[in-house]
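Below you'll find the structure, written out as structure tokens, and then a few comments.
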Amino acid sequence: MNERIETALVIGATSDIGRAIAHTLAEDSRTLQLAARDAARLQREMQDHRVRTEVAVTAYRCDVLDEDGGVSLLDALDPLPDVAVCVVGLLGDQTESRRDGTAAEQVMRTNYVGPALLMGALAERFEQRGSGVLVGVSSVAGERGRTSNYVYGSAKAGFTAFLSGLRGRMATSGVHVVTVKPGFVYTRMTDGMDLPGRLTATPEEVATAVVAAIRRRRDVIYVRRLWRPIMFVLRAVPERLFKRMSRL
Amino acid sequence: MMLSGWGRYPAVDCQLERLRRHEDLPGLLHRGTTLIARGNGRSYGDAALNPELTLSMLAMNRMRAFDAGTGLLDCEAGVPLADILNTFVPRGWFPPVVPGTSLVTVGGMVAADVHGKNHHRDGTFGAYVESLTLAGADGTTRTCSRTENADLFRATLGGMGLTGVILSVRFRLRPIETAFVMAEALVASDLDEMMALFEASRDWRYSVAWIDCLARGARLGRGVMTRGAFMERATLPPRLTSDPLRPAPAGKLQVPADVPSALLNRVSIGIFNALCYRRGRRRARAGARPVHFDRFFFPLDRIEAWNRLYGRRGLVQYQCVLPKGESAVGIAALLERVAASGQGSFLGVLKLFGPAGEGLMSFPMEGYSLALDFPVRSGTRALLDGLDEITHRHGGRVYLAKDARCAPERVREGYPRLDAFEAVRAEASGARPRFASELSRRLAL
């Protein structure tokens with residue numbers, strides 16, 4: 001399917017990956033809907049699209065940590081999008097998350113509760129209509145709880161499982177669900193980290209992979225290919241051994 | 001992390017941070033270190049390196065506004081020129097001045113006050129900047145233009161990022177009817193003939209010449225001049241009329257590995273230059289023909305990482321300009337020195353400049369500019385010091401965006417408005433300059 005996407009929604013549109021996805025989607029969508037927390041920054045992104053392209057852009061303020069989990073966004077969306085991509089996430093600081101319950105809760109809510117509720121609510125509406133593609137950007141960190149980031153990882157694991165179940169439920173309804181596990185990406189989240197070049201993608205690579213996955217109706221994708229065998233092995237390591245690999 | 005300019009010499013371990021929004025800048029300034037903004041790393045030497053803090057502007061790449069009535073574009077400093085071309089050429093607009101690569105950012109174009117093949121007619125990029133926003137040492141953002149903070153504006157055009165962080169730029173695009181340039185090649189058998197060709201081509205918007213750096217004696221300065229002008233729609237041949245404003249094609253050639261610099265020797269450079277000359281003669285016989293702007297302005301952009309052709313140790317580029325009256329003798333002396341050294345240069349580029357612009361540290365002045373590439377080797381420094389001496393003797397100066405090794409006194413002598421620049425810079429950022437680079441340290445600026 002290479003026809004134009006009528007309307008595409010990006011939630012988390014001011015993040016590095018969100019920006020890249022929005023720009024790639026703008027190339028072959030008629031209408032772009034951008035949602036994010038910060039209205040002023042959202043305005044700048046919207047303006048950028050307006051100068052660069054002919055695409056119609058609308059902006060929606062949305063915070064998955066709000067009381068209603070950002071679900072009020074859905075009532076505001078006009079029209080209901082054909083494609084919705086959720087890039088919301090927060091790595092947080094594992095040490096802080098360990099000591100401070102509030103910090104841990106924020107990481108859990110931002111990576112799991114908020115995005116899952118939002119994707120779930122969108123799925124209901126897509127199901128009623130009988131079409132649509134939902135893309136959740138989860139993480140390789142959700143495949144196994146690691147010492148260095150298990151609060152973040154557990155929330156992503158929840159999100160991955162949620163998307164998997166949602167995909168199954170939607171399988172006969174014409175609605176497709178894509179799970180994206182980007183691996184390392186050069187973004188604000190990883191600034192200052194020493195990342196292995198072969199495993200680290202640019203936001204633009206993630207965006208290209210996401211749009212390709214939407215077009216090909218893929219279920220679960222990694223961005224850099226090397227991640228697939230690595231995660232295959234990592235999942236196979238027995239827990240007895242895994243618990244000693246504490247530096248992972 | 002190790003960073004360098006396009007020449008890959010010098011490489012310096014720098015603390016690199018990425019600016020994503022201007023609100024984050026005060027926090028970075030609060031660290032108290034000196035810093036320099038960096039665009040896409042296309043200056044050749046040490047201009048965009050600071051070990052304490054090098055601030056990548058590549059994520060500051062949003063376009064802010066475009067007025068289709070006047071062609072005025074307002075964009076953040078990290079927007080690449082290639083984005084502007086891809087966006088606006090299909091709509092019939094072209095930047096008034098473009099350098100030899102489209103992989104620069106708008107902020108870099110202002111900081112180096114870049115020139116193009118049309119300098120003799122149109123001046124530098126800075127001439128088309130209506131205003132810019134500049135973040136100072138205190139984190140406050142100032143709008144600078146010819147009427148507001150005018151001194152700071154003139155110091156920032158060509159100021160190599162030393163007056164502050166350029167956050168956004170408003171400048172004028174120029175209308176074009178097609179994406180094609182009518183280009184014509186002309187052969188000159190020596191330097192006099194070449195300069196006569198430049199004089200005779202003053203009415204052409206774009207002109208530039210390749211010089212055979214190994215030719216000596218009676219053939220000194222021989223080469224091929226290319227001149228061109230954007231085509232109007234009515235003059236386009238039928239095969240191109242279907243898509244007259246097509247953007248640059250995607251896809252690039254790769255240089256997979258560093259080429260051992262031993263391959264760049266007198267013989268290979270001699271063969272390359274002889275082939276260039278013959279090709280030029282063939283093209284000259286063929287007459288004027290339409291060429292897509294991408295090939296006309298940015299031929300090297302087709303080859304990704306062409307700097308790797310110069311080997312692991314990198315390359316230095318030498319670009320100087322001599323006043324008009326001194327050019328004939330001075331350029332001949334420079335070429336003679338290069339030819340005698342046997343070091344040769346793949347690319348020798350000659351260009352006639354028009355009068356100097358308003359930027360206090362802008363490179364161009366009325367006269368001839370010569371640009372040469374050399375792989376970094378043991379004899380390179382001595383050769384370039386020799387070239388500096390000739391440049392100085394003839395009242396010329398070197399281009400800071402290309403430089404990696406010039407001595408401070410040479411730059412001081414070459415840039416007569418340097419004192420005025422330093423005064424503005426001191427006023428803007430206090431006695432201890434906050435915006436500094438390896439270049440500014442080397443040159444004691």
Side-chain angles (χ1 to χ4, degrees), chain A residues 10 12-24 26-28 32 34 36-55 57 59 87 89-91 184-198 200-208 211, chain B residues 1-2 13-25 27-28 31 40 53-91 93 106 133 141 167-171 173 247 250:
Chain A
V10 181
T14 58
S15 71
D16 291 318
I17 296 179
R19 286 187 65 201
I21 291 176
H23 276 284
T24 308
E27 285 168 21
D28 43 20
L32 201 56
L34 306 179
R37 246 178 333 174
D38 187 316
R41 280 161 49 198
L42 202 49
Q43 194 61 36
R44 294 207 285 260
E45 301 303 336
M46 188 164 74
Q47 192 55 27
D48 184 28
H49 286 286
R50 285 193 174 148
V51 175
R52 283 174 194 256
T53 62
E54 315 271 281
V55 74
V57 200
V87 202
L90 170 70
L91 180 58
F184 298 133
V185 188
Y186 294 110
T187 62
R188 184 182 184 79
M189 187 188 267
T190 58
D191 261 355
M193 290 185 195
D194 193 15
L195 298 173
R198 292 190 61 191
T200 311
T202 60
E204 290 71 29
E205 274 179 79
V206 179
T208 307
V211 174
Chain B
M1 77 187 282
M2 294 305 284
D13 192 6
C14 298
Q15 178 71 36
L16 180 71
E17 298 280 352
R18 205 170 241 260
L19 189 69
R20 292 189 169 78
R21 38 183 184 263
H22 63 79
E23 298 95 314
D24 293 344
L25 193 54
L28 290 163
R31 293 184 185 179
N40 206 23
L53 182 55
T54 302
L55 193 61
S56 171
M57 300 295 286
L58 291 177
M60 295 288 288
N61 60 350
R62 301 166 194 92
M63 296 192 187
R64 288 154 41 110
F66 180 67
D67 182 339
T70 59
L72 210 55
L73 173 65
D74 186 350
C75 65
E76 290 183 347
V79 170
L81 175 57
D83 272 20
I84 293 173
L85 295 167
N86 288 334
T87 305
F88 291 102
V89 165
R91 297 188 216 172
W93 296 96
V106 170
T133 57
T141 300
L167 291 172
S168 69
V169 182
R170 259 174 85 233
F171 65 100
L173 300 178

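Throughout, protein chains are lettered first and strands after them, A, B, ... in sequence-line order, and every chain is numbered starting at 1.
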Response to the item:
Correct closest heavy-atom pair for A/Thr53 and B/Arg91 would be N-NH2, 3.9 Å
Fill in: Contacts of residues 70-81 of chain B with chain A (heavy atom under 4.5 Å)
B/Leu73, B/Glu76, B/Val79
Discussion item. At a 4.5 Å cut-off on heavy atoms, which part of B/Asp24 comes close to chain A: side chain, backbone, both, or neither?
Written reply: side chain
Item to complete: Let me know if B/Asn61 has heavy atoms under 4.5 Å from chain A in its side chain, its backbone, both or neither.
Response: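 Both backbone and side chain.
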Response to the item:
Under 4.5 Å to a heavy atom of chain B? For A/Arg41 that would be side chain
Worksheet entry | Top contributor to chain A interface from B/Gln15, B/Met1, B/Arg62 [non-hydrogen pairs under 4.5 Å] |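 Maximum pair count with chain A is reached by B/Arg62.
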Discussion item. Just so I understand: if I count every heavy-atom pair under 4.5 Å between each of A/Arg188, A/Gln47, A/Arg44 and chain B, which residue has the most?
Written reply: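 It is A/Arg188.
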Discussion item. Applying a heavy-atom distance below 4.5 Å, give me the residues of residues 13-24 of chain A that approach chain B, sorted by number.
Written reply: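 Answer by number: A/Asp16, A/Arg19.
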Worksheet item: How about B/Arg21 and A/Asp38: do any of their side-chain heavy atoms sit closer than 4.5 Å?
Response: no
Worksheet entry | Between CZ on residue B/Arg20 and OG1 on residue A/Thr187, distance to nearest 0.5 Å |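 Taking CZ in B/Arg20 and OG1 in A/Thr187, the distance rounds to 6.5 Å.
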